[in-house]
Amino acid sequence: MKKFVVRLKVKELMKAQIDKDITTDRELADLMNVNLTQIWRTKLPVDDERHNAPGNQFIAGVMEVFGGRFEDFFFIEEVEDVKKKKKSVPALT
């Protein structure tokens, strides 16, 4: 089964921050009404185990603060569904 996730275009977000004179991620988090950690985790590389895909509030916050189109800041990526690949391990009795 195919699985899709929303990914952030980090460079585009950072450019938009500069254009709007938003100098810190703390300021951005406040404007977007999200936790600073969400900003940090979403900006991490996808292969970093601490990375989080942007959630609804994050996406809505970006769109509210910067305007533009969804495609300006985000893209859809097909990923492997890890849950489907894992084999169940029988319980020890």
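In what follows, residues are counted from 1 in the order of the sequence shown. All values derive from a computational prediction rather than experimental measurement.
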Item to check | Residues which pass side chain to side chain contact (heavy atoms under 4.5 Å, CB included) with N33, listed by chain and number, not counting sequence neighbours | outcome: Q57

Checklist entry - With sequence neighbours excluded, what pairs up with E64 under the side-chain hydrogen bond (donor to acceptor under 3.5 Å, both in side chains) test? => result none

Next on the checklist: How long is the straight-line distance from CD1 of I59 back to CZ of F73, given to the nearest 0.5 Å?
Outcome noted: 12.5 Å

Checklist entry - To the nearest 0.5 Å, how far apart are CE in M63 and CZ in R69? => result 9.0 Å

Item to check | Full working for side chain to side chain contact (heavy atoms under 4.5 Å, CB included) between V65 and I22 | outcome: CA-CA 10 Å; V65 171; I22 301 171; 4.0 Å; yes

Next on the checklist: My understanding is that only residues two or more places apart in sequence, or in another chain, count here; which of them pass side chain to side chain contact (heavy atoms under 4.5 Å, CB included) with I76?
Outcome noted: F4, V6, F70

Item to check | Residue of the set M14, Q17, K20 for which side chain to side chain contact (heavy atoms under 4.5 Å, CB included) holds with L28 | outcome: Q17

Next on the checklist: To the nearest 0.5 Å, what is the distance between CD1 on I39 and OG1 on T24?
Outcome noted: 10.0 Å

Checklist entry - Sequence neighbours excluded, which residues qualify as salt bridge (charged side-chain N to carboxylate O under 4.0 Å, His left out) partners of K15? => result E12

Item to check | Side chain to side chain, V62 and F74, heavy atoms closer than 4.5 Å | outcome: yes

Checklist entry - If you round to the nearest 0.5 Å, how far is OG1 of T42 from CD of Q38? => result 6.5 Å

Checklist entry - Can you pull the salt bridge (charged side-chain N to carboxylate O under 4.0 Å, His left out) pairs that have at least one residue in residues 24-48, sequence neighbours excluded? => result D25-K43, D48-R50

Next on the checklist: Just so I know, are the side chains of L44 and N52 near enough to count as touching, which here means a heavy-atom distance under 4.5 Å?
Outcome noted: no

Next on the checklist: Pair F58, L8 - check side chain to side chain contact (heavy atoms under 4.5 Å, CB included), show working.
Outcome noted: CA-CA 10 Å; F58 187 97; L8 174 66; 4.1 Å; yes

Item to check | Partners passing side chain to side chain contact (heavy atoms under 4.5 Å, CB included) against V79 (at least two apart in sequence or in another chain) | outcome: K3, V5, R7, E77

